[in-house]
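Some notes on the structure that comes next.
Here the structure is a predicted model, which is why all the values come from computation and not from measurement. All heavy atoms count here, side chains included; hydrogens, waters and symmetry mates do not. Just so we're on the same page: letters track the sequence lines, and every chain starts at 1.
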Number of protein chains: 2
Amino acid sequence: MPIEYSRPQGYNEARYGLSSRPEFRRPERSFTIRQLCVEFSVTPRALRFYEDKGLLFPARDGMNRVYSVRDRARLQLILRGKRVGFSLSEIREILDLYDETDGGAAQASRSLKKFRERIEALRQQRDDIDGAIQNLEEGCLRLERQLKESRPDLLPKAEAYDSVLRARLDGSTDTLVK
Amino acid sequence: MPIEYSRPQGYNEARYGLSSRPEFRRPERSFTIRQLCVEFSVTPRALRFYEDKGLLFPARDGMNRVYSVRDRARLQLILRGKRVGFSLSEIREILDLYDETDGGAAQASRSLKKFRERIEALRQQRDDIDGAIQNLEEGCLRLERQLKESRPDLLPKAEAYDSVLRARLDGSTDTLVK
DNA sequence: TATACCCCTTACGTAAACGTCAACGCAAGC
DNA sequence: GCTTGCGTTGACGTTTACGTAAGGGGTATA
């Protein structure tokens with residue numbers, strides 16, 4: 001068992017939980033490390049690690065980290081960056097490019113070029129994924145043919161489509177534009 | 001300097017190079033480790049590593065590895081699998097699923113399910129990529145606006161489109177269907 | 001006051017995917 | 001017969017992205 005994320009007995013919602021009182025919600029709500037961890041299913045260690053590597057810099061309340069809405073958005077980008085295969089240092093570089101709005105025109109020009117490169121790489125990666133999907137679908141077809149001949153009863157029905165749909169619809173609307 | 005891939009002086013094309021004589025081309029041509037390494041820009045170490053991990057099993061000529069056309073196709077799948085974020089053990093699992101056509105109907109049914117799961121995961125990953133591309137494009141727009149105001153001369157022209165096209169058109173037509 | 005949560009830092013451990021020697025063998029060309 | 005280029009098998013090193021343990025502290029509830 002890695003880490004306890006569910007609320008144990010005696011859990012103090014008012015202190016640790018996501019407050020439901022509107023005055024603590026927006027526009028400038030902040031998060032404890034644990035809240036973000038629960039929300040994004042990562043460990044505190046990971047967040048501290050990202051901070052170590054310069055991808056996050058939450059404020060402090062005494063010793064404790066205090067994450068802003070913007071930190072949260074950064075974290076979302078970090079995690080998505082990871083999912084699409086960027087290394088942390090690459091992600092850091094990208095985040096830095098977003099940040100330094102004031103590096104001068106030359107800097108902005110270089111940033112633009114790097115962004116374009118990233119985009120092109122991602123497009124190719126998407127083609128890779130499409131190719132992989134095609135391969136796997138061919139494999140499925142083969143298996144289905146095979147099963148249809150030997151044991152048609154084992155052919156699974158089409159998946160419940162709404163679960164698929166739901167997974168697609170939670171499109172994140174995060175942005176770092178100030 | 002990592003490793004020398006270009007042909008040095010004294011390079012013996014007849015012995016080491018890709019033969020252009022048709023009788024050695026198809027349908028059952030074979031490859032040395034180096035030929036595959038050059039073709040796919042990987043190191044011999046990597047290929048041996050994949051073999052170690054059970055993803056490849058080339059034939060032998062004495063001590064030397066001899067890769068068949070089918071091994072080459074597997075390698076293509078391995079590399080693409082890596083590009084889309086699969087671990088080697090995941091790739092191995094998938095390749096195994098392709099292989100065991102004779103595991104019985106129950107096995108085939110399980111394989112089918114796993115394939116479907118992989119496909120769904122890839123679809124979500126593609127959505128991630130699309131999201132990342134959108135973010136980066138927004139970043140581009142911001143930078144372009146910024147540059148247009150300060151230094152329009154630094155705005156790079158649209159990239160030469162044919163290089164992009166060429167990169168897209170070398171779609172691999174590999175398959176593992178026997 | 002105990003314990004049950006939360007937080008912190010420091011530091012060593014780990015899995016994956018190779019890189020990088022070292023040390024050897026075999027064939028070809030000078 | 002030496003060098004060049006290819007191949008082989010260990011075996012240890014490296015990077016990334018954390019996991020995990022050790023040790024310490026703050027705050028609320030029983």
Side-chain angles (χ1 to χ4, degrees), chain A residues 1-19 30-38 40-56 58-67 75 78-79 81-93, chain B residues 1-18 30-38 40-56 58-67 75 78-79 81-83 85-93:
Chain A
M1 207 188 305
I3 273 203
E4 187 68 290
Y5 280 126
S6 57
R7 287 102 192 267
Q9 294 126 1
Y11 185 88
N12 188 328
E13 183 76 30
R15 253 190 94 208
Y16 309 120
L18 290 104
S19 171
S30 64
F31 308 84
T32 70
I33 195 171
R34 179 122 329 207
Q35 287 168 351
L36 289 190
C37 286
V38 169
F40 295 108
S41 300
V42 295
T43 63
R45 178 69 175 96
L47 294 198
R48 299 193 190 109
F49 186 74
Y50 299 153
E51 188 176 346
D52 241 50
K53 296 292 169 182
L55 283 83
L56 288 175
R60 296 287 180 134
D61 173 18
M63 288 257 81
N64 295 9
R65 289 168 175 82
V66 177
Y67 294 87
L75 177 57
I78 292 169
L79 296 178
K82 287 196 41 171
R83 288 199 300 273
V84 307
F86 288 147
S87 74
L88 290 189
S89 65
E90 288 171 317
I91 295 172
R92 186 206 151 131
E93 206 181 316
Chain B
M1 206 187 307
I3 275 205
E4 185 69 291
Y5 279 128
S6 57
R7 287 98 193 271
Q9 293 128 0
Y11 184 89
N12 188 329
E13 183 77 31
R15 253 191 92 208
Y16 308 121
L18 288 105
S30 64
F31 309 84
T32 71
I33 196 170
R34 179 123 327 208
Q35 287 168 351
L36 289 190
C37 287
V38 169
F40 295 107
S41 299
V42 295
T43 63
R45 178 69 175 98
L47 295 198
R48 298 193 190 108
F49 186 73
Y50 299 154
E51 188 175 346
D52 241 49
K53 297 291 170 183
L55 283 83
L56 287 176
R60 297 287 180 134
D61 172 18
M63 288 258 81
N64 294 12
R65 290 168 176 81
V66 178
Y67 294 87
L75 177 57
I78 292 169
L79 296 177
K82 286 195 43 171
R83 288 198 301 273
F86 287 147
S87 73
L88 290 189
S89 64
E90 288 172 317
I91 295 172
R92 188 208 150 129
E93 205 181 317

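Within the nucleic acid shown, A/Lys82 comes within 4.0 Å of sugar-phosphate atoms alone, with no base atom in reach, counting heavy atoms only.
A/Phe49 has its CZ atom 14 Å from the C1' atom of C/dA11, to the nearest Å. Between the CG atom of B/Leu79 and the C1' atom of C/dA17 there is a distance of 13 Å, rounded to whole Å. If you take CD of B/Glu51 and P of C/dA17, they are 17 Å apart, rounded to a whole angstrom. Rounded to an integer number of Å, the gap from B/Glu90 CD to C/dA15 P is 17 Å. Between A/Lys53 atom NZ and D/dA17 atom P the separation is 8 Å, expressed in whole Å.
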Name the pairs: protein N/O against N/O of nucleotides 7-10 of chain C, kept only if under 3.5 Å.
| unit_1 | atom_1 | unit_2 | atom_2 | d |
| --- | --- | --- | --- | --- |
| C/dC7 | OP1 | A/Arg34 | N | 3.2 |
| C/dC7 | OP2 | A/Arg34 | NE | 2.7 |
| C/dC7 | OP2 | A/Arg34 | NH2 | 3.1 |
| C/dC8 | OP1 | A/Arg65 | N | 3.1 |
| C/dC8 | OP1 | A/Arg65 | NH1 | 2.7 |
| C/dC8 | OP2 | A/Arg48 | NE | 3.1 |
| C/dC8 | OP2 | A/Arg48 | NH2 | 2.5 |
| C/dC8 | O5' | A/Arg65 | NH1 | 3.3 |
| C/dT9 | OP1 | A/Arg60 | NH1 | 3.4 |
| C/dT9 | OP1 | A/Arg60 | NH2 | 3.4 |
| C/dT9 | OP2 | A/Arg65 | NH1 | 3.0 |
| C/dT9 | OP2 | A/Arg65 | NH2 | 2.8 |

Review item, nucleotides 21-24 of chain D N/O atoms under 3.5 Å of protein N/O:
none

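Checked against side chain to side chain contact (heavy atoms under 4.5 Å, CB included), A/Ser89 has the following partners two or more places apart in sequence or in another chain: A/Ser87. By the salt bridge (Lys or Arg N to Asp or Glu O under 4.0 Å) test, B/Glu51 is found to be paired with B/Arg60, B/Arg65, residues two or more places apart in sequence or in another chain being considered. Residues meeting the side chain to side chain donor-acceptor pair (under 3.5 Å) test with B/Arg48, sequence neighbours left out: none. Evaluation of the salt bridge (Lys or Arg N to Asp or Glu O under 4.0 Å) rule for A/Arg45 yields no partner, not counting sequence neighbours.
Taking 4.0 angstrom as the limit, B/Tyr50 places a side-chain polar atom (N or O) nearer than this to OP1 or OP2 of C/dC18.
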